[in-house]
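Okay, structure first, notes after.
Keep in mind that what you see is a predicted model, and the values were worked out from it rather than measured. Residue numbers count from 1 along this sequence. What's counted below: heavy atoms across the whole structure, side chains too, no hydrogens, waters or symmetry copies.
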Amino acid sequence: LFFVFFFSSRRRHTRSASVSWARRCVQETDAEYMGFSKRQKKVMANLKEAYNSSYVFFMVLCTSLTSLCAGYQIVIFNPFTGSLSNAMKWDGEVRASKIAIATTFMPVGATLSCFFVQMLFAKGRLLALRLSMISLFLGSSIISASFFFAASENIFVFYFILAGRFIVGVGIGLCFASAPLYIKEVVPDKVRGAYLTFHQIGITLGILIAFFLPFTFPSEEKSSFQHNGLYIALVPAGLWVLQMLLQGIWFKYDTPTFYLSTGNITDARKICYCIYNNEEKINSEMPINKPTDSKDKIETSKGAGYALFVGCCIAVFQQLTGINAVLYYSGEMFVSRGETMAKIGTALVGVAQCVFGFIATFTLDRFGRRTILIIGSILCGAFLVLFGYSYNKFPILELAFLFSYIASFAFSHGPICWVYISEIVPSSLVGYANLASWAATLLVSMTAPILLNKLSGNLFHLYGICTLLCIPFCIWVMKETSGKTDEEIKALFGNESQSSK
């Protein structure tokens with residue numbers, strides 16, 4: 001059996017037929033491959049766990065378009081704050097307060113979206129994703145249109161910007177709740193961690209695009225920022241059209257878990273046949289034959305409450321690293337160093353987020369969630385303290401420590417928060433975990449500009465101490481979920497009713 005697979009892999013024109021034959025042979029025998037090497041056993045195990053990797057990859061990629069759009073909208077407002085202030089003739093404390101209010105309205109919308117996201121989940125995960133993209137496009141269009149009237153100094157322009165930021169925040173909140181859940185429910189357990197990082201990669205890629213856009217803008221003396229404001233709406237519009245085409249033609253199904261919860265066995269099997277190639281895998285990976293009324297029992301158990309508590313703590317610790325203080329106010333942090341320094345600083349944030357977020361795809365399943373989070377907390381805390389000492393004193397070291405901090409966050413706290421929450425928190429309680437995350441985001445975004453003015457670099461010492469507090473939590477409270485099935489994870493958190501089924 002091994003030689004059939006070995007030689008077929010050397011001859012591509014016969015590979016698919018040979019692998020299919022090998023898979024059938026594996027299914028028809030109960031032998032334990034006595035005498036095989038570790039590599040040979042791994043090859044045989046992979047055959048038994050085969051799935052339609054190309055379909056799953058592009059389905060997750062299509063879902064990540066919403067994450068990309070959300071990441072883009074998180075920081076795209078940042079490069080325009082200076083030009084908007086000049087056009088509206090804001091200066092001094094008025095400028096600081098107006099920018100803080102406009103920045104804060106986005107997490108306010110995201111926080112409020114958590115109160116009705118569970119209602120949308122009952123109608124379908126795919127519906128929540130589509131409404132998320134529509135909200136992102138609608139809100140960005142309102143902001144972009146408001147920029148054309150900014151020079152008139154009309155007070156209603158600012159109110160329209162606030163309305164657009166609020167709608168954008170609703171879309172981001174829906175995305176952060178629905179995208180990880182959708183990905184988790186359509187991918188096999190053995191590759192769950194790697195595919196869940198696609199959500200974070202999409203966010204960081206959107207942030208990177210938004211951070212590099214200022215380099216394409218001409219200087220303010222030669223251009224009108226109203227026309228540059230079109231960038232706020234053009235990217236969401238293009239991504240929305242692309243996603244609607246892909247979902248309308250190829251990826252039109254919701255998740256098997258949703259179909260099972262509604263008793264729609266036919267559509268559940270349709271999406272399972274798209275993901276897997278044989279009946280055995282469909283019955284083992286997707287619980288088609290399990291009773292649909294077990295869902296309510298699972299999600300009201302004590303184990304689910306404990307899992308929700310752990311998920312909320314992970315989400316709060318992610319925000320207490322101060323990441324959104326850097327993302328939202330990076331332009332204001334470096335404005336005193338000149339326009340070029342501000343652009344370089346914000347661009348470095350985007351590069352570090354994207355590159356090290358991609359690295360997390362290969363490390364989460366290999367080293368485990370808890371180990372990566374402990375290492376990331378140590379590095380983030382140390383680099384935050386060093387960044388605080390060099391802030392406004394040593395420009396080169398300042399950028400180096402900032403890059404190191406963002407890199408440490410991007411491969412640890414960034415992806416693990418959403419991966420871990422989607423793994424341990426039941427779908428009916430995901431909204432509460434996201435509510436904790438956005439409430440902490442709102443707290444950080446509201447206090448960051450005030451504390452930065454009063455504490456200067458000491459603010460980052462405070463964030464560093466909060467980050468280091470995550471280490472004992474990871475050691476004594478957090479449980480490792482890497483490589484475990486849903487049933488094993490629920491049993492790990494004390495949900496014996498699920499583990500016995």
Side-chain angles (χ1 to χ4, degrees), residues 16 19-28 44-64 66 120-130 178-199 243 246-296 298-299 365 419 422-423 426-428 430 481 483-490 498-499 501:
S16 60
V19 171
S20 299
W21 179 85
R23 187 186 297 114
R24 289 197 302 270
C25 292
V26 171
Q27 294 171 351
E28 293 170 359
M44 295 300 112
N46 287 339
L47 282 176
K48 293 189 71 174
E49 298 178 6
Y51 64 97
N52 192 344
S53 58
S54 59
Y55 184 87
V56 172
F57 174 81
F58 284 106
M59 175 185 283
V60 173
L61 200 63
C62 178
T63 305
S64 301
T66 308
L120 293 178
F121 284 164
K123 303 294 183 180
R125 282 66 158 151
L126 201 58
L127 175 63
L129 280 171
R130 289 172 177 171
S178 58
L181 181 63
Y182 183 88
I183 295 173
K184 179 247 183 183
E185 291 182 352
V186 298
V187 301
D189 289 336
K190 68 168 186 172
V191 291
R192 183 179 58 224
Y195 276 116
L196 278 170
T197 59
F198 276 50
H199 169 63
Q243 188 182 62
L246 292 174
Q247 290 179 346
I249 299 174
W250 290 292
F251 310 113
K252 56 186 177 181
Y253 292 110
D254 214 305
T255 69
T257 304
F258 166 71
Y259 286 134
L260 289 173
S261 65
T262 59
N264 191 347
I265 306 299
T266 302
D267 285 338
R269 284 198 170 271
K270 285 181 180 179
I271 181 61
C272 285
Y273 274 115
C274 293
I275 299 172
Y276 301 101
N277 296 321
N278 58 73
E279 191 75 17
E280 179 184 353
K281 291 300 296 180
I282 293 175
N283 293 330
S284 62
E285 293 284 350
M286 298 299 175
I288 302 296
N289 297 321
K290 291 186 178 181
T292 57
D293 60 347
S294 63
K295 177 173 175 284
D296 296 331
I298 295 170
E299 298 180 356
D365 285 329
V419 170
S422 65
E423 286 180 331
S427 59
S428 65
V430 167
T481 59
K484 292 181 171 58
T485 64
D486 287 342
E487 288 76 12
E488 292 171 339
I489 292 174
K490 290 181 174 66
Q498 169 66 8
S499 60
K501 287 184 180 295

For [X] and [Y], work out which heavy atoms get closest and say how close.
X      : Y      : result
Phe258 : Ala122 : CE1-O, 3.4 Å
Ser54  : Asn52  : OG-OD1, 3.1 Å
Gln243 : Cys62  : NE2-O, 3.1 Å
Pro256 : Val186 : CD-CG1, 4.2 Å
Pro180 : Leu196 : O-CD2, 3.3 Å
Thr255 : Glu185 : OG1-OE1, 2.7 Å

Evaluate side chain to side chain contact (heavy atoms under 4.5 Å, CB included) for Phe121 paired with Ser178, printing each intermediate quantity in order. CA-CA 8 Å; Phe121 284 164; Ser178 58; 3.6 Å; yes
Thinking salt bridges, do Lys184 and Glu423 make one under a 4.0 Å N-O criterion?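 Between Glu423 and Lys184 there is no salt bridge, as every charged N stays at least 4.0 Å from the carboxylate O atoms.
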[X] [atom1] to [Y] [atom2] distance, which is reported to the nearest 0.5 Å:
X      : Y      : atom1 : atom2 : result
Cys272 : Tyr253 : SG    : OH    : 11.5 Å
Thr257 : Leu181 : OG1   : CG    : 8.0 Å
Ile271 : Tyr273 : CD1   : OH    : 13.0 Å
Asp254 : Lys123 : CG    : NZ    : 13.0 Å
Met59  : Leu246 : CE    : CG    : 11.5 Å

So, do Tyr55 and Phe251 have ring centers that fall under 6.0 Å from each other?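 For Tyr55 and Phe251, the ring centres are under 6.0 Å apart.
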Taking only residues two or more places apart in sequence, or in another chain, which ones meet Tyr182 in a ring-ring contact (aromatic ring centres under 6.0 Å, His included)?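 Partners of Tyr182 under the ring-ring contact (aromatic ring centres under 6.0 Å, His included) test: none.
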Looking at Asp267 and Tyr259, would you say the former's side chain and the latter's main chain have a donor-acceptor pair under 3.5 Å?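 The answer is no, because no donor-acceptor pair under 3.5 Å joins these two groups.
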Can a donor-acceptor pair be found, under 3.5 Å and without considering hydrogens, that links the side chain of Arg125 to the backbone of Leu120?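 Not confirmed, Arg125 side chain does not pair with Leu120 backbone.
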Would you check if there is a donor-acceptor pair between the side chains of Asn264 and Thr266 at a distance under 3.5 Å?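 Short answer, no.
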Below 4.5 Å, heavy atoms only, C-beta onward: do Thr485 and Ile489 meet side chain to side chain?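 Side-chain contact under 4.5 Å: no.
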Would you say that Ser422 contacts His199 through its side chain, given a criterion of any heavy-atom pair below 4.5 Å between the two side chains?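 Side chain of Ser422 against side chain of His199, heavy atoms only: no contact under 4.5 Å found.
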